[in-house]
2 protein chains.
Amino acid sequence: MDNQEIRNAGLKVTLPRVKILELLENSTQRHVSAEDVYKLLLDKGEEIGLATVYRVLTQFEAAGLVARHNFEGGHAVFELDRGEHHDHIVCVVCGKVEEFMDATIEQRQREVAQERGFEMADHSLIIYGRCNKHKEA
Amino acid sequence: MDNQEIRNAGLKVTLPRVKILELLENSTQRHVSAEDVYKLLLDKGEEIGLATVYRVLTQFEAAGLVARHNFEGGHAVFELDRGEHHDHIVCVVCGKVEEFMDATIEQRQREVAQERGFEMADHSLIIYGRCNKHKEA
DNA sequence: AGATAGATGAGAATCTTTTTCATTACGAGT
DNA sequence: ACTCGTAATGAAAAAGATTCTCATCTATCT
């Protein structure tokens, strides 16, 4: 359960941490900003300081529990890391985000890194486009 | 020449714009933040306000003269768009940035977007890793 | 239960970027 | 080249996101 995941991360099992993790697991939105988390918790009657939300999300990221993404727009969004790696495709009109995984791309990335003497640690791929509802005529 | 590029963007040819474009063309660093541009200009004795730097870079981006990247770390970096599209590979230890272009990846991205009903407009791919000088034993 | 190291909350501080507004400069037309 | 209207600039304030400070509180270990 959650508590164990927090403990495994070397963190004390505190109410803010449990609530934030729960929220990430149950939220309908996969990608939430720190501000989102803060407000969603407020809506549920949980008074957790914004500074704590930032701290906890950063700790969860360090522990590999959540991933932080720098989409366009200046602020970071977080999502629960459910083990399955994936990339994102974002509609530039409505902001809808879909996830995908493509083995060919994954493989080529590894090769490209190697060809340049790099040892790949991670990557970030975001495709921007217009979704079926917002394609141009 | 530069002036024509600025004019083509529908912008007046002003001293700040010319100086910023020149700097982007001649800088040894390919990826510079707005703050970098501001300071580099100061070093050259050009007193151009930071607000103007932001405004001009945003205008250049809209005109397709420069590309804006959201690497990790909260602030955006800009680079002159020389027509040739490319992606980036960044060393997580020293911050070194190399550019690359891989036709296979480009092609697959287009296909992935299509398979999901998207019309690809742009994309951002950043590989993070350790360069040859910082690989683990 | 008590001690202690770690966690929290509130607000201040910091950093990046945008906005406001008064002043200045480009460039079209003469 | 000169004038004028519009767009551009600079400085400072504002806004937005994130981090830090520090006094207080609380898991966890004994």
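A note on names: the letters A, B, ... follow the listed sequences, proteins ahead of strands, and every chain is numbered from 1.
At the phosphate of C/dT17, OP1 or OP2 sits under 4.0 Å from a side-chain N or O atom of B/Y54. Taking side-chain N and O atoms only, B/S33 has no distance below 4.0 Å to OP1 or OP2 of C/dT16.
A 4.5 Å side-chain heavy-atom check between B/E5 and B/L65 finds at least one atom pair inside the cut-off. The shortest distance between side-chain heavy atoms of B/K133 and B/C94 does not fall below 4.5 Å.
Residue B/L50 contributes atom CG, which lies 14 Å from atom P of C/dT19 at whole-angstrom precision. In this structure, the CG atom of B/N70 is 15 Å from the C1' atom of C/dC15, given to the nearest Å. One atom, CG of A/L57, and another, C1' of C/dT8, lie 15 Å apart when rounded to the nearest Å. Distance CD (B/E61) to P (C/dT17): 12 Å, rounded to an integer number of Å. As a whole-Å value, the separation of A/Q59 CD from C/dG6 P is 12 Å. Across the protein-nucleic acid pair, A/E46 atom CD and C/dT8 atom C1' stand 14 Å apart, rounded to whole Å. In this structure, B/N3 places its CG atom 12 Å from P of C/dC26, rounding to the nearest Å. As rounded to whole Å, 14 Å separates atom C1' of C/dG27 from atom CD of B/Q4.
Ion pairing between a basic and an acidic side chain is recognised when a charged N comes within 4.0 Å of a carboxylate O; A/E99 and A/R30 show such pairing. A salt bridge links B/R130 to A/E119: at least one charged side-chain nitrogen sits closer than 4.0 Å to a carboxylate oxygen. We find that A/E115 and A/R108 are joined by a salt bridge, their nearest charged nitrogen and carboxylate oxygen being less than 4.0 Å apart.
No continuous path of hydrophobic side-chain contacts links A/F78 to A/V97 [ILVMFWY only; heavy atoms under 4.5 Å].
Within 6.0 Å of CD on A/E25 lie more than 12 heavy atoms contributed by other residues, nucleotides or ligands.
In this structure, B/R68 and B/R7 both approach DNA chain C, and ranking their closest nucleotides by distance from the 5' end singles out B/R68. Nearest-nucleotide positions on DNA chain C for B/A76 and A/L15 put A/L15 closer to the 5' end. Comparing B/R17 and B/A51, the nucleotide of DNA chain D nearest to each residue sits closer to the 5' end for B/R17.
Of all heavy-atom pairs spanning A/G117 and B/K135, the tightest one is O-CE, 3.0 Å.
From one end of the helix from C/dA1-D/dT30 to C/dT30-D/dA1 to the other, with five pairs defining each end axis, the axis direction shifts by 40° (rounded to 10°).
Donor-acceptor pairing under 3.5 Å, judged by distance alone, is absent between the side chain of A/R55 and the base of C/dG6.
With C/dG11, C/dA5, C/dG27 as the choices, the nucleotide that has an atom nearest any side-chain atom of A/K12 turns out to be C/dA5. The listed nucleotides are C/dA7, C/dT8, C/dT17; the one nearest the side chain of A/L11 is C/dA7.
Ring to ring, A/H88 and A/F71 are close: their centroids are under 6.0 angstrom apart.
Of all nucleotides in DNA chain D having an atom under 4.0 Å from a heavy atom of chain B, the first and last in 5' to 3' order are D/dT6 to D/dA12.
Across all strands shown, A/I48 has heavy atoms under 4.0 Å from sugar-phosphate atoms exclusively, and none from any base.
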- prompt: Does the ring-ring contact (aromatic ring centres under 6.0 Å, His included) test come out yes or no for A/H75 and A/H69, once each step is laid out?
  reply: CA-CA 9 Å; A/H75 64 288; A/H69 301 294; over 10 Å; no
